[in-house]
Amino acid sequence: MQRREFSKMLALGAAAGLALPGVARSAQTGLNYDLAPVGNVHLLHMTDAHAQLLPIHFREPSANIGVHTARNRAPHLVGQALLDSFGIAPNSHRAHAFTYLDYEASAAEFGRVGGFAQLATLVKRLKANRPGALLLDGGDLWQGSATALWTRAQDMVEVSKLLGIDVMTGHWEFTLGSERVLEILEGDLAGHLEFLAHNVRDLDFGDPVFAGHVIREMNGVSVAIIGQAFPYTPIANPAHLIEGWTFGIRERDLQARVDDLRAQGAQVVVLLSHNGADTDIKLASRVSGIDAILGGHTHDAIPRALEVPNRHGMTLVTNAGSNGKFMGVLDFDVREGGIKKWSYHLLPVFADLLPADPEMEALISRLRSPYTEQLSEVLATTDDLLYRRGNFSGSFDQLICNALQQELDAEIAFSPGFRWGTTLLPGSDITMEDLMSQVAITYPSVTLREIRGDMLKQTLEDVADNLFNPDPYYQQGGDMVRVGGLSYRIAPRERTGHRISDMRLRGEPIEAAKAYKVAGWASVQKVEGEPIWDLVSRWLRDQRTIGHVKINQPEVAGLESNLGFDT
Amino acid sequence: MASRIRIRAQLKGGECEVKALMRHPMETGLRKDQLGETIPARFIETVTVTHNENIVLEAHWGAAVSANPFLGMQFEGGSVDDIVKVSWRDNQGETGEGETRIRQG
Amino acid sequence: MKNKQFNGMARRTFLRMSSLFALATALPAQVRAMATRPTSVFEATGVEAVFSQLGATPTRSEGIIFSVPDIAENGAVVPVKIEIDASILPDVSKLYVLVEKNPNPLAAVFGVPKTTRPYIETRVKVAQTCELYAVAEAGGQFFMTSKETKVTLGGCGG
C-alpha cells in the first residue's frame, strides 16, 4: 500500500471512530466494502432510495412471480431459490439483504440497512481506488418520506449534492409536478447533476424536455450515459401533474441515439434506466450497442449482472434494489477501443458495518430538525411484522385497508400496490414517520365511491395485466392492488381479462350489476378528499396496539413450482 | 372561418421536416352533451400541405383523429425561407389555414 | 377530365373547395386521385370490411415500421408514426392508419407524392385495447403491419 493511501485510510478511520474493528468485522461477513477495482471505467449505481435518509429495515418479497419467459429466472426468484441460484450462504448478511428468509431474527441480528450517511462513507471508500468514478442514481430518489414530501424534495436535493450524484433519471420525481422538477434542475442542481431522460417529450411538437445523454471522459475513455425515465409515468401516476409531457419506451429512438453515440466515438455506452427489470431484459435483447443497462423501478435486488445476448453482442442488465439498501459497482477495463473485462458487484449496505459519514450525518440531522416533533409522534405499537413488498399483499397495506374500511364505513377498500414502504419489526412503535414512509405522495386524497361489481372485476383484471402480461412492455411495474373486504382468486398465467374469478364479499359472490361502497386513495384523477395520513393516523391512535395482522391474501392458482412464490 | 395552425418547418439534411398542430374539436358524432343531446359530428376531412404552391401531402381523415390534430411529415428539397402551408376543411365545410417559412434545423 | 372528381358534389361545397382545387390542377394524376375521399372505406365497420373496400387483404411486410405506444397514456391521444423502408417497399403512394376496435377502423389516409418521404406522424383515438394497423399502398398492391396498444385505467404503479 502506498503511504498516501495508508494515511487516507487512517483519516477515514479517525472519522469512523472504530475503523479497524469495522474492517475486520466486514471481512467476516463476506462483504467487501473496499472492493478492488478492475480496469479504468467505474460506475457506482444506486436506485429507488425513496428518500430514506436514515437506516431502515426493508423486507424483500416472498411473492415476486414471473410468468411465461420470466418464470423461474432472476429477478423472479425468492427466498431459498434466490440463495441457491446465486450461491449465497444461508443465515448470512447477504442472505438477509437479498431475501425475506427468517426475517425477524435476521433483522435483529444484522441490523438496519441503507442510510445516506452510510452510503456517503461507502461511496468515498469505493471512489478512493476508482479515480474518475461516476455516481449514478436511477430515480425514485426524491419521494417516499415525510421530509421529502414536506420540503418538496429539498432535503433530497441537498443530500444529492453532498453525496455527489453525477447523473440521474426519474419517475416519482415527476409527481412533484413539472414546475417543481424544472425549478430544482434549473436551480439547486444546475451544474451539480445531469438529469437525463431521452424518452420524455413535449406533447406539441415532440421536442425533448430533458437532455437524453451525457458523454464523460474517464481515464482516457469516452463513456456515454443515456437516461431512460419510467416510460409509464403519466399512466401509473397522475398525468395532470406533468401535463404536456409524453413518455414511452421509445426503443427506436434509443437505438438511433446509441448508434449516433458510437459513431461519435463513445467506447462505453450505458443506459441508466427506470424501466423495471423485465422491460430492461427485453430491451437489452432488442437494442444493440449498449454495454450495460443499470436498472431500477421494480425494486429487484439482483446479486449478479445478467448477460443478455443481442444482434451485435451482449448487454449486461443489473437492478440495484431499493431504499438505499444496495450499491451497484460496475467496472470496465477498456483498452484498444474495446471492453476487455468487466466486473459487477451489488453490495448490501449494512448500517452496522459502515460508519456514518460525519458531514452527511450532520446535514441529515439539520434537514430533519424542523420536523423532529411531528416525525417522532408515536401513533401505536405493533406486535406483528409490518411490511409492504409482495405481489398481492403486505401487513402494512392491510392496516391501511382496515383503516379505510372502518373509518369510511366501506364494504371494500383498495390500496395501491406500491413497492416502496419500509418494514417495522414486532415490538416497534409506529411513528408518524413510519406511516409517512408508506403514504407520502403528492396525491393523497381518500375517496369513497359506489362501484359496480363488473367495474371491480375490470379494475382487478387491469392491474393484474399490468403485473402479469406475458410481454413486459405491456407491464407498468407495481404490485397487485391491495384489497380489504373483497376476496378473489387470481390465475397469473391466464390471458388478459381472464385472470380474476370467484370475487366474494363476506362469502357472497360479487354481482356484476350491483354497486358496492369502495374506499381508496391515490387516485390518478383529480379528486378532493382527506389525506390518507390523517385517516390512518387517527385510526392507529384509536387502536393503540396492533396485534396479529390477518392478511387478506387472494387464492393464487396455477403456479405450481414457481420459484418466485413462497406460500 | 380560418383558425390558427401552428406549423414548424425545419431543414434536416436534404429534407424538410414539417410539424403542424391544428385547433379543432374532432367530434365523432357519438358523444352526448350534459343534456343528453348528441353532439353533431364535426371533424377535419381533408388536410393539404404545400411547399411553394406544390402539394407535398394530402390526407383524408375520419373522426378518429384526435382533437387538436397533429401532423408530422417530411419532403425532399425545400430551402430556407420557402413557404410551407397547411390547410384543412372539415365535414361542415369550415376551413383553416396557416403557413410558415422553412428554417434551418 | 379535371372536373370529374367533383361530379355530384353540391355547388356550395365545390366553391368552398375551389382553393384546394386550384392547387390540385397543377399536380400529377396520382395526387389528384387523392382528392376523392374514399368514403366507403371510412364508413366500413371492422378491419376485414375496410380491407374488402380497399379491394385486397394487405400482405404483411417488414418494410413498414410502425411506432405506437405499447400502453396508451391517454386513449384519446395515441401517437402513431409510420415509416417505410424503401429498400423493402419501394414506390409507396398512400399510407393508411386503422384502429381495429373503433366503430369505423379507418382513421386516416395520406397521399404521398414522389418527392415526399413515405413517413407520417399523427395522433388517433383508441377506445379500447386493440390492434392498430399501418397499411401501405404501392403499385396498386397493399401491405401492412400491426401492433397492439393497451388502454388501461392506470394508477397503482411504483
Side-chain angles (χ1 to χ4, degrees), chain B residues 1-2 12-22 25-31 41 43-78 84-85 87-97, chain C residues 10 12-13 15-17 19-20 22-24 26-28 30-39 41-44 74-83 94-99 102-127:
Chain B
M1 186 188 79
K12 287 185 175 173
E15 280 169 347
C16 180
E17 180 188 277
V18 180
K19 291 182 175 185
L21 272 169
M22 294 152 239
M26 298 301 284
E27 276 298 344
T28 57
L30 301 170
R31 295 197 317 140
F43 57 91
I44 293 175
E45 283 192 334
T46 311
V47 182
T48 309
V49 184
T50 61
H51 163 234
N52 289 348
E53 305 289 299
N54 295 318
I55 293 187
V56 287
L57 188 82
E58 194 173 23
H60 292 291
W61 286 356
V65 171
S66 304
N68 298 324
F70 173 78
L71 172 68
M73 59 86 60
Q74 299 171 356
F75 65 88
E76 289 166 25
V84 169
K85 193 184 282 186
S87 52
W88 57 257
R89 182 182 58 80
D90 74 12
N91 65 321
Q92 298 186 0
E94 285 194 12
T95 59
E97 193 177 84
Chain C
R12 248 183 85 211
T13 314
L15 287 176
R16 261 195 216 112
M17 276 199 72
S19 62
L20 272 175
L23 292 169
L27 289 163
Q30 181 206 347
V31 178
R32 262 182 283 142
M34 265 301 290
T36 314
R37 184 176 175 81
T39 311
V41 196
F42 272 107
E43 284 172 358
N74 173 358
V77 190
V78 177
V80 298
K81 178 159 80 179
I82 308 176
E83 296 164 80
K94 283 184 196 170
L95 297 171
Y96 299 76
V97 180
L98 276 63
V99 182
N102 279 0
N104 303 111
L106 181 62
V109 49
F110 300 87
V112 187
K114 285 246 182 289
T115 55
T116 295
R117 267 194 73 197
Y119 171 99
I120 267 308
E121 281 182 83
T122 189
R123 296 167 189 159
V124 297
K125 298 168 194 164
V126 181

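The chains referred to below are lettered A, B, ... by the order of the sequence lines, with proteins before strands, and numbering in each begins at 1. Predicted model only: the values in this text are computed from it and were never measured.
- Heavy atoms closer than 4.5 Å to chain C are found in the side chain of B:L21, but not in its backbone.
- The minimum heavy-atom distance between C:T122 and B:F70, with the atom names listed, is OG1-O, 2.8 Å.
- If you tally non-hydrogen atom pairs under 4.5 Å between each of C:A76, C:A107, C:P103 and chain B, the highest count goes to C:A107.
- Looking at C:V78, the atoms closer than 4.5 Å to chain B (heavy atoms on both sides) all sit in the backbone: N, CA, C or O.
- With a 4.5 Å cut-off on non-hydrogen atoms, C:P118 does not touch chain B at all.
- To the nearest 0.5 Å, atoms CZ (C:R117) and CD (B:E17) are separated by 9.5 Å.
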*Step by step, would you call C:F110 with B:L71 a side chain to side chain contact (heavy atoms under 4.5 Å, CB included)?*
CA-CA 11 Å; C:F110 300 87; B:L71 172 68; 3.6 Å; yes
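- By the salt bridge (charged side-chain N to carboxylate O under 4.0 Å, His left out) test, B:E45 pairs with B:R89, C:R37, sequence neighbours left out.
- Using a 4.5 Å cut-off between heavy atoms, C:F42 contacts chain B through its side chain alone, with no backbone atom that close.
- Looking at B:T28 and C:K125, their side chains come closer than 4.5 Å, going by heavy atoms from C-beta outward.
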*Can you check side chain to side chain contact (heavy atoms under 4.5 Å, CB included) on B:E58 and C:T116, steps first, answer last?*
CA-CA 11 Å; B:E58 194 173 23; C:T116 295; over 6 Å; no
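- For B:A20, no part lies near chain C; criterion is any non-hydrogen pair under 4.5 Å.
- The heavy-atom pair separating B:S66 from C:V77 by the smallest distance is OG-CA, 3.5 Å.
- Heavy atoms of C:V99 lying under 4.5 Å from chain B are absent altogether.
- Taking both residues in full, the closest heavy atoms of B:V56 and C:P113 are given as O-CD, 3.2 Å, listed atom of the first, atom of the second, then distance.
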*Begin with the C-alpha distance, continue with both residues' side-chain angles, and end with the deciding distance and a verdict on side chain to side chain contact (heavy atoms under 4.5 Å, CB included) for C:I120 and B:M73.*
CA-CA 5 Å; C:I120 267 308; B:M73 59 86 60; 4.2 Å; yes
